[in-house]
Amino acid sequence: MRKILIFLGLCLPFLGYSQQPKSTFTLGYTAGQSVPVENTDTFQVSFSGGSPFPTQWKNANNDKFLLGFRHNVIYAQNAFTKGLFASKGYFADYVELRWEVERYESQISRFKISRRELGSTEDFEFIASVEGSARSWKDEYAESGQLYEYKLLAEGIHPSEQEFLNFITGIGFRIPYGRVSGRVTYKGGSAVPDVNVVAEPDDDAFRGNSLSLNGTDAYLAISPPLNDPHFELDEDFTFQAWFKAESSNQSTLFHKGNQYKLVHENGKLTFHAGNENVILNFEEKQDTFFHVTAMKTTDSLKLVVVYDEQTDTMITVPFTGSTPSNNDEFIIGMGNEGFFNGKIDELRIWRKSFTNKEIKQQAGLFIDGTEKELSAYYRMNENVGDVFFDLSREGFSFNEKHGAIRNATWSDD
């Protein structure tokens with residue numbers, strides 16, 4: 001006697017769409033009942049997942065037995081193995097969509113593209129149709145600063161929609177920007193050095209945002225892939241961000257395992273690199289954002305606090321240790337010293353060092369995201385969702401080291 005165990009359920013690899021297969025049969029037997037095959041042998045049948053449909057079973061030649069599923073399903077591999085790439089503030093005038101097709105290329109007649117505002121429960125709105133051979137598209141009608149959830153549907157595979165089988169989604173947005181070039185000169189025509197020119201909008205169209213942490217259970221996490229060369233950071237390393245503390249309690253501003261850590265207390269910062277540290281005491285202003293640069297080179301540690309062009313404090317000490325790379329996450333606002341209570345904005349991670357003048361000059365500036373040796377750049381202006389997006393790139397290669405928000409909230413501060 002042969003014993004066949006038939007497990008009928010819906011937890012199947014590559015489970016596809018519902019459809020009755022033409023070549024299957026259903027069995028009409030209860031668990032443990034013997035089934036004759038050509039009167040020479042029997043199979044003992046067991047079921048897990050419910051009784052089969054009654055009325056049908058079938059003998060087969062060559063000592064084989066053809067079986068049918070209780071549920072009307074077939075196996076189908078996915079057309080997509082990756083989600084939809086949607087640019088995240090990389091371009092001023094459009095949102096770029098890109099995708100890859102793993103299989104069924106010859107069956108795809110066209111792609112339908114839809115979108116809706118991120119966080120909306122409304123149905124997706126159809127916006128474009130492109131040919132089946134296309135692998136990219138630009139949304140030139142996206143509102144600036146508005147986050148969208150995009151949906152790409154491959155038609156021709158099957159009429160039922162199932163994620164990755166025949167559709168994928170992604171989040172994208174555009175940020176308007178421009179460049180003004182020139183110089184400021186004295187009346188005689190010679191250039192004036194170190195001039196700041198400030199452009200201010202007439203309304204709130206370009207008001208930024210920040211992330212607010214509650215000091216209890218809120219934090220941010222950046223999880224780069226294992227052994228990512230942009231996050232080894234065992235040589236030169238610079239961390240920069242703007243903070244607004246709303247508590248004088250000690251807290252961890254960021255840490256990356258035992259490689260780096262930055263701790264804040266009222267009027268005091270401590271930057272740990274490996275087994276060494278540097279401490280900076282500064283005059284902390286109440287209810288005011290301050291910029292922090294924590295930097296490690298091969299032979300020094302530096303801490304800088306900047307409030308504005310005229311107000312900064314810094315310290316540099318020798319460094320003789322090492323900071324071996326690890327695969328730990330960047331955790332922002334949580335650590336052994338406690339949760340940070342306050343706002344965080346404009347966060348940058350570099351695999352390079354800066355001069356004191358460069359630090360002061362760029363502290364109050366937006367950057368492009370295309371600067372050399374920039375590992376990640378977060379403007380934190382999304383104002384919706386549970387992700388803050390990395391805007392750094394090298395040419396058209398986007399780093400995409402996006403971060404996760406845990407119990408933090410968006411603020412217009």
Side-chain angles (χ1 to χ4, degrees), residues 16-17 76-105 107-177 205 209 222-223 225 369-370 376-393 395-405 410:
Y17 43 81
Q77 291 181 296
N78 293 325
F80 304 98
T81 58
K82 298 179 181 178
L84 177 64
F85 169 85
S87 61
K88 296 166 178 62
Y90 307 134
F91 308 108
D93 301 327
Y94 59 86
V95 179
E96 182 182 29
L97 305 182
R98 294 206 307 255
W99 58 91
E100 298 177 16
V101 178
E102 185 70 19
R103 51 182 64 88
Y104 310 130
E105 292 190 34
Q107 296 177 230
I108 298 174
S109 58
R110 63 175 179 164
F111 293 102
K112 292 179 64 176
I113 301 171
S114 306
R115 75 179 183 200
R116 62 185 176 188
E117 293 185 5
L118 183 62
S120 171
T121 58
E122 299 293 325
D123 292 337
F124 282 91
E125 180 182 356
F126 171 77
I127 56 174
S129 177
V130 297
E131 59 187 18
S133 60
R135 294 296 180 269
S136 66
W137 183 77
K138 294 178 181 179
D139 182 4
E140 298 176 335
Y141 299 97
E143 294 290 336
S144 63
Q146 175 63 55
L147 274 70
Y148 293 100
E149 181 182 8
Y150 289 89
K151 177 181 177 181
L152 178 83
L153 173 65
E155 293 198 324
I157 299 175
H158 193 269
S160 298
E161 295 184 13
Q162 181 170 313
E163 191 167 13
F164 288 103
L165 173 66
N166 59 357
F167 82 86
I168 49 177
T169 61
I171 297 170
F173 57 95
R174 70 179 183 93
I175 297 177
Y177 63 85
N209 296 94
I222 303 167
S223 307
T370 59
Y377 176 36
Y378 309 95
R379 285 186 178 172
M380 298 182 173
N381 286 337
E382 291 84 359
N383 200 34
V384 65
D386 55 5
V387 176
F388 57 103
F389 295 106
D390 176 19
L391 274 64
S392 65
R393 61 188 173 101
F396 290 98
S397 176
F398 306 97
N399 292 333
E400 297 225 286
K401 304 304 186 297
H402 310 310
I405 299 171
W410 292 102

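Counting from 1, the numbers follow the sequence of the chain as shown.
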Going by side chain to side chain contact (heavy atoms under 4.5 Å, CB included), Y150 matches just one of T169, D139, I168, L118. Which one?
D139
Would you call E131 and R110 a salt bridge, using N to O less than 4.0 angstrom?
no
Are R116 and E122 close enough for a salt bridge, meaning some N to O gap below 4.0 Å?
no
Residue list, side-chain hydrogen bond (donor to acceptor under 3.5 Å, both in side chains) with E161, at least two apart or on another chain
K151
Verify side chain to side chain contact (heavy atoms under 4.5 Å, CB included) between Y94 and Y141, making sure each step is shown before the conclusion.
CA-CA 7 Å; Y94 59 86; Y141 299 97; over 6 Å; no
Going through the distances and angles, do N381 and N209 end up as a side chain to side chain contact (heavy atoms under 4.5 Å, CB included)?
CA-CA 5 Å; N381 286 337; N209 296 94; 4.2 Å; yes
Check E105 with R135, please: is the shortest side-chain N to carboxylate O separation under 4.0 Å?
yes
Any salt bridge (charged side-chain N to carboxylate O under 4.0 Å, His left out) involving residues 376-385? Give me the pairs, sequence neighbours left out, ordered by first then second residue.
none
Looking at Y90 and E96, would you say the former's side chain and the latter's main chain have a donor-acceptor pair under 3.5 Å?
no
Can the ring centres of F85 and F398 be said to be less than 6.0 Å apart?
yes
Could E102 and K82 be called an ion pair, given the rule that one side-chain N must be under 4.0 Å from one carboxylate O?
no
Ignoring hydrogens and geometry, is there a side-chain-to-backbone donor-acceptor pair from W410 to M380 under 3.5 Å?
no
